[in-house]
Amino acid sequence: MEETTAGIDSRKSTPSAELVPVFPPSNEFSARAHIGSLEEYRRLYRESLDSPVTFWGRMSAELDWAEPWQQLLSWDLPHARWFVGGKLNASYNCLDRHLAGPRCNKAAIVWEGEPGEVRTLTYRQLHWEVCRWANLLSRSGVGSGDRVVIYLPLIPEAVIAMLACARLGAVHSVVFGGFSGKSIRDRILDCGAKIVITADGGYRRGKIVPLKKRVDDALKDVPMVKRVLVVRRTAEPVPMLAGRDRWIEEELKEVDARSEAKPVDSEHPLYILYTSGTTGKPKGILHTTGGYLLGCALTTKYLFDLKEEDLFWCTADVGWVTGHSYVVYGPLALGASVFLYEGSPDFPQPDRFWRMIERHRINILYTAPTAIRAFMRMGEGWVKPWDLSSLRLLGSVGEPINPEAWLWYHQKIGRGRCPIVDTWWQTETGSAMIAPFPGATPGKPGSATLPFFGVDPAVVDDQGNPVPSGTHGRLVIRRPWPSMLRDIYGSPEALRSTYWSQIPGVYLTGDGARQDEDGYFWITGRTDDVLNIAGHRIGTAEIESALVSHPSVAEAAVVGEPDSEKGEALVAFVTLRQGEAASEELKNELRLHVAEEIGAIARPKEILFTATLPKTRSGKILRRLLKELVRNGQIEGDTTTLEDPAAVTALSKEVGQAA
Ligand code: PRX
């Protein structure tokens with residue numbers, strides 16, 4: 001794909017009046033693509049909004065339904081039910097239906113462990129494993145609707161565990177392996193899991209991550225969990241609590257591989273995944289079966305232009321929504337071959353990714369801008385020697401991709417040939433919402449471009465009025481879509497108040513955006529107190545409550561600071577309790593404390609001890625001013641509502657001295 005001045009309308013000026021190059025799909029790519037022109041995309045997109053019953057009637061045939069649905073949508077804001085009356089099973093759709101045809105001996109998973117071992121599971125083998133695991137879970141007391149917490153490294157067993165739950169109609173809640181014991185406990189208690197699946201450890205940068213130990217810490221005062229099933233991954237000795245803990249490999253000897261995938265209602269819960277919001281506590285986002293699976297399958301097919309022979313690599317961990325939708329449910333529902341890698345991208349050397357792409361002949365790579373920027377920093381020398389000619393499409397997700405990173409990805413990894421699919425979406429949206437169709441949509445570096453079928457986004461002001469093109473505003477979605485979240489587990493009221501009522505009648509994404517004159521969306525990042533650190537979502541309030549749980553801390557306020565590699569970095573302002581002295585040791589101790597409370601991703605980059613924090617007269621900390629301070633080194637904004645304006649002057653001085 002060559003940069004061109006033709007395409008959508010030659011070089012466009014964005015609202016900020018920069019010139020943006022346009023990258024139309026190559027004729028070669030378009031000729032083979034599922035959607036081969038912008039006109040075709042526009043026609044289908046219009047149909048999806050104007051004639052949804054016809055459109056989804058056709059599209060829903062992408063899945064196998066045990067019983068057909070009767071009604072497309074029942075919408076009682078904020079509660080949606082999609083494909084009402086339909087019955088299906090996600091595990092059946094991801095496995096059983098592929099066994100009857102030529103896919104049965106096709107690789108479902110090609111996995112590489114960090115130490116270098118490779119395992120391949122065909123669809124038949126994966127099905128066999130999932131059936132045995134389903135029987136084991138069922139023998140362990142797991143039934144339909146029960147919650148199962150999964151805390152595993154990125155090994156095939158993580159996928160097996162998820163599909164085994166889905167097979168039984170049980171609800172999985174995967175916890176990312178980087179989260180702490182305390183985070184696991186909070187999630188177990190919130191979702192009421194009776195059973196946890198973990199491993200003796202996993203590999204990360206040559207070291208063993210002590211997963212089982214963290215689960216033991218998490219379960220210290222949680223008698224509700226009666227069973228812990230443990231995968232042997234590292235052979236590290238780990239304590240096994242008699243009566244509670246069992247080795248999976250031993251248990252599997254007791255079960256057979258005959259298991260029927262039980263059809264469940266289209267709206268039956270499939271999983272709960274915790275994500276950060278603006279409160280101190282992560283929210284359990286609930287996704288259900290039919291609409292979610294269809295959203296994953298269709299976006300995988302059309303946005304990644306998936307072909308039968310592709311080896312698809314989404315580098316996300318299954319602990320994040322990207323892993324749920326594009327490691328597991330989307331690609332497997334389509335019978336694709338999925339590549340999985342357990343470890344760190346720079347281990348043992350910064351060329352690990354490129355080595356694996358050459359070795360396994362990977363065709364589609366879907367990763368995060370943070371990773372791309374890290375590779376840029378490590379230098380092209382690590383990429384150049386490798387044969388990346390198998391790649392035919394590149395994806396980006398998790399945070400806005402800056403044009404420099406986009407262009408580097410395009411030139412150095414895609415070698416100028418591969419379309420880049422920048423997908424904007426969220427844990428709540430279930431599947432990609434705004435993204436180019438690679439055979440149809442001309443790319444513009446930094447823009448997620450145009451909406452997917454059935455998605456009706458708009459950029460509006462605080463009252464919900466659409467803003468003119470080029471103007472920054474809030475990104476909202478104006479109608480329900482099949483893979484949308486159905487609930488916040490345990491807090492049904494929060495569903496309405498968080499997403500559907502601040503601007504009445506529309507879904508508030510929490511992101512800012514602008515649209516250009518071609519209708520392209522440019523996402524500018526969160527407008528609320530949620531941060532995006534290296535593509536990982538984390539709430540400032542969570543980190544603040546972790547900080548104030550330390551005995552030396554009186555108050556804390558956390559803000560994001562622009563970071564050239566991670567997108568944003570965490571800066572914490574901390575006031576100490578009387579008698580506590582600020583020191584470098586205390587800073588390190590607080591960083592460690594946050595890592596223990598939440599996980600390493602939440603560790604502040606900078607901690608600034610300060611005598612006071614700027615507050616309103618009603619006692620609310622004004623983060624806006626702190627943000628201004630870390631970004632500009634001074635505060636120019638309105639300080640008239642402050643309880644103590646002199647505090648700001650003092651703070652500016654302190655920050656100036658610390659810098
Ligand atoms: O701010 C947006 C950003 O990530 C947030 C969602 O985070 P999470 O629920 O963890 O899901 C991440 C993976 C889908 C969004 O509110 N975000 C995600 N993708 C993009 C993005 N920002 C800009 N461009 C993207 N492509």
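Counting convention: from 1, in listed order, for ligands and their atoms alike. All heavy atoms count here, side chains included; hydrogens, waters and symmetry mates do not. Because the structure is predicted, anything quoted here is derived from the model rather than measured. In this chain, residues are counted from 1 in sequence order.
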Say whether S396, considering both its backbone and side-chain N or O atoms, lies within less than 3.5 Å of an N or O atom on ligand 1.
no
Contact region, A448 to ligand 1, non-hydrogen atoms below 4.0 Å, reads neither
Under 3.5 Å, is there a donor on one side chain and an acceptor on the other for Y292 and S325? yes
Notebook entry, point to check: When the ring planes of Y326 and W425 are compared, do they come out parallel, tilted or perpendicular, using 30° and 60° as the limits?
Noted result: perpendicular
Answer yes or no: does an N/O atom from T509 fall short of 3.5 Å to an N/O atom of ligand 1? no
Does the ring center of H536 lie less than 6.0 Å from the ring center of W320? yes
Ranking V421, T427, I401, I434 by closest non-hydrogen atom to atom 9 (O) of ligand 1, top hit is T427
Residue, atom and distance of the protein heavy atom nearest atom 23 (C) of ligand 1 read P400 N, 3.1 Å
The option among W425, Y326, W320 carrying the non-hydrogen atom nearest to atom 6 (C) of ligand 1 is W425
Note: heavy atom closest to atom 25 (C) of ligand 1, options E399, R537, H324, R526, belongs to E399
Could you check whether Y151 and F179 have their ring centres less than 6.0 Å apart?
no
Margin query: Looking at ligand 1, is there an atom of it that comes within less than 4.0 Å of some heavy atom belonging to G398?
Written below: yes
